[in-house]
Amino acid sequence: MTEAEGAGSGGSGPASLRLAVVGPTHPYKGGVASHTTELCHELAEAGHDVTLVSWSHLYPSLLYPGEQAVPGGAPDVEPFPRTIRALSWARPDTWVRTGRRLRGMDAIIVVHVIPQAVPSHLAVLRAAGVGRTSSSGLGPRSIVITHNVLPHESRPGDRQLMEALFRRVDSVVVHSDSQAKLATELGAGHVRELDLPPHLPGGPPEPHVDSTGPTRLLSLGIVRDYKGIDLLLDALRDVPDLRLTVAGEMWGESGRRVKELAADPRLEGRVEVHGGYVPADRIASLLAHHDVLALTYRHATASQNVLLANRHGLPVLATHVGTFGAQVRDGVDGLLVPPNDRAALVEALRRLSDRTYAAQLRSQVRPPDLSGPWAHYVGGIEALASAETDAAGDLPTAEPPPDTPVQRAKDLVTAARLRRRKRVDLRPADLPEWVRPSDALALDAEALDAQALARELGLPRCSDAVAAWAALGAVAAVLRIGDDGRRAGVVVDESGTRSPFSRWLRTLGFAPVELELTGRRTSVEVLDVDTASLDVIARLHPGGCGADDVDHAVGQASWALRSGGLLVITIPIGDDDPQWAIRPADVRGIIARADDLGLVLVGDFDGDITERLREASASAREVRATTPAGRRAGAAPAYGILRLTFRRK
């Protein structure tokens with residue numbers, strides 16, 4: 001794509017991406033519509049050319065018994081200016097026409113709401129030229145954001161629909177560990193877990209309104225069975241010194257049940273039910289007139305309700321489900337109880353009935369970071385949208401011509417040729433001896449050599465030479481040690497989108513599971529794998545280990561790998577950044593620790609690591625001393641990358 005092609009509304013030259021976000025927005029209400037709209041604003045603010053493709057008719061009332069549009073027409077969040085409402089639930093022709101208009105995009109981001117929308121999503125993606133892992137090279141990359149992989153109240157066929165969607169897209173974004181595991185179980189080839197960023201309705205907080213009466217609890221939002229408001233009302237009957245307001249739409253049997261419980265004589269005068277949608281301009285006042293937000297869910301995925309409460313200075317009473325456990329500091333700025341545990345809920349309510357204790361919790365509430373999570377989220381989406389294709393790289397990358405009969409015929413011929421292309425038949429003997437399972441990278445030339453070799457071997461392109469070096473050694477380890485020729489090993493790759501490792505393995509006939517996580521969690525934990533069930537675990541540059549989590553990765557592998565299974569990791573190495581890089585003197589300690597856990601190092605290092613790093617530092621100092629850019633940079637130290645491959649005894 002040329003600079004002129006990349007520059008559009010909100011574009012900023014070659015670095016910007018042309019992105020289409022397909023999902024609900026105003027006038028549709030709810031957190032998903034707000035998140036979709038805010039995502040478009042944030043992507044455009046980051047310099048990308050963004051179009052929001054939304055719905056004129058979303059889905060029938062049978063699937064959504066509440067009112068779909070915002071009453072009164074006032075948006076919950078600022079509408080995105082570049083919005084096209086081209087899709088209609090009842091008009092499949094709009095799905096195809098819309099998809100064809102999106103063929104020139106770099107990536108299409110589909111916001112998944114319910115499984116029944118999968119046929120429309122697939123029609124849009126197919127018409128746009130998207131295929132599984134975009135291996136045809138013809139269409140945009142495809143990303144699905146799933147707030148709930150499966151709905152809280154599931155229907156027959158939901159799992160099959162989601163499997164059909166996940167098999168046909170490049171990446172799936174989820175917002176919690178449990179959803180990452182479920183997406184993987186349903187066939188998602190690459191799962192990226194990103195923390196749900198705040199998209200809070202209601203504007204800035206209002207001053208808290210004190211009261212001398214009982215502690216005031218608030219339940220806010222649509223009343224549905226999984227939210228457990230009936231459980232809260234039932235427990236409240238045993239704790240007299242509390243008041244509760246239920247504000248939100250009453251859905252079906254759940255709404256009727258809540259109204260019946262609120263009418264119990266034991267709750268007389270203590271419960272108010274405000275049925276109907278709560279508009280954004282009422283939220284701040286409602287929170288200001290209460291002391292605690294109650295989130296007694298039976299089950300949950302990711303939610304921003306804790307962030308909403310914290311922004312308005314309220315502590316939270318929540319069950320330990322979904323992301324609540326990570327968001328609420330139990331006994332500090334809220335209370336956590338097990339789900340469906342009436343006795344524990346009653347005890348928590350009794351503690352909150354002490355106004356002094358409730359005020360203490362409120363005093364320790366910290367306002368949430370509203371910008372940092374979005375920066376991380378947008379960065380994750382950018383990485384997925386700009387990742388290299390799985391194709392061998394011999395197709396033109398320019399924007400395809402307009403949709404014409406001639407172009408469609410050419411597309412079909414090219415796609416057929418690609419389907420006939422055989423996978424790369426790479427054998428261990430094809431890899432030279434200098435490609436070692438365990439090695440140290442200290443000089444740029446070595447990374448460039450690895451990158452060039454990968455291209456000569458017919459592996460898909462990788463623009464990051466260091467990532468190519470890291471992945472090539474891992475591929476060598478898998479072929480030489482971890483494969484019997486059948487390409488049947490169970491491979492879990494935590495390396496991240498920019499690593500070519502999984503793409504290369506797929507080219508060789510493997511079926512790796514890719515998973516990207518936030519923080520120090522590993523895919524082994526999220527996938528809840530059985531003991532001794534994996535053949536390969538990889539964590540490679542740029543998503544490799546840091547100094548503080550090597551032990552964690554080794555410990556997980558020690559029980560998750562089968563006998564003979566491989567752990568391949570990369571670690572920055574040098575003396576100048578102890579928060580991230582390990583020191584050369586620490587390497588033998590890591591190897592000894594792994595050996596104690598039953599993991600044996602495969603191979604050894606080419607020469608003395610310390611000496612090679614000294615050579616790299618001397619070379620870097622020479623460059624800095626002889627170039628203007630180097631002199632401006634000063635004497636910043638260089639460091640290398642260490643690749644370690646361990647085999648389970």
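Computed from heavy atoms alone, side chains included, the values below leave out hydrogens, waters and symmetry copies. One-based numbering along the sequence shown.
Counting heavy atoms from C-beta on, the side chains of Arg159 and Leu182 come closer than 4.5 Å. Here the side chains of Leu561 and Phe646 are not in contact, with every heavy-atom distance at 4.5 Å or above. Side chains of Val550 and Cys545 form a contact here, defined as non-hydrogen atoms less than 4.5 Å apart. With contacts defined as side-chain heavy-atom distances shorter than 4.5 Å, the pair Glu514/Arg506 qualifies.
Applying the side-chain hydrogen bond (donor to acceptor under 3.5 Å, both in side chains) criterion to Ser558, with sequence neighbours excluded, gives no partner residue. Annotation: side-chain hydrogen bond (donor to acceptor under 3.5 Å, both in side chains) contacts of Thr323 (sequence neighbours excluded): Gln327. With sequence neighbours left out, His147 forms a side-chain hydrogen bond (donor to acceptor under 3.5 Å, both in side chains) with His35. Evaluation of the salt bridge (Lys or Arg N to Asp or Glu O under 4.0 Å) rule for Arg298 yields Asp225, Asp230 as partners, not counting sequence neighbours.
The minimum heavy-atom distance between Trp504 and Leu472, with the atom names listed, is CZ3-N, 3.7 Å. Between Arg480 and Pro437, the shortest heavy-atom distance links the atoms NH1-CD, 3.8 Å.
Residues His175 and Tyr377 bring their aromatic ring centres within 6.0 Å.
Arg141 places no side-chain N or O within donor-acceptor distance of the main-chain N or O of Asp170, the cut-off being under 3.5 Å. Counting only distance, with no hydrogens or angles, the side chain of Arg455 and the backbone of Gln451 share no donor-acceptor pair below 3.5 Å. The backbone N or O of Thr645 lies less than 3.5 Å from a partner atom in the side chain of Ser438, making a donor-acceptor pair. The backbone N or O of Pro339 sits nowhere less than 3.5 Å from a side-chain atom of Thr319 that would complete a donor-acceptor pair.
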Counting only pairs under 3.5 Å, give me each side-chain donor-acceptor contact of residues 330-338, with atom names and distances, residues two or more places apart or in other chains.
from   : atom 1 : to     : atom 2 : distance (Å)
Asp330 : OD1    : Leu336 : N      : 2.9
Asp333 : OD1    : Arg329 : N      : 2.8
Asp333 : OD2    : Arg329 : NE     : 3.1
Asp333 : OD2    : Arg329 : NH2    : 3.4

Below 3.5 Å, can you tabulate the donor-acceptor pairs from side chains in residues 591-600 to any protein atom, sequence neighbours excluded?
none

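Under 3.5 Å, the side chains of His112 and Thr146 contain no donor-acceptor pair of N or O atoms.
The CG atom of Leu426 sits 10.5 Å away from the OG1 atom of Thr507 when rounded to the nearest 0.5 Å.
Around CZ of Arg562, the count of heavy atoms belonging to other residues, nucleotides or ligands within 6.0 Å exceeds 12. Under a cut-off of 6.0 angstrom, the local environment of CD in Gln364 is crowded, with over 12 non-hydrogen atoms contributed by other residues, nucleotides or ligands.
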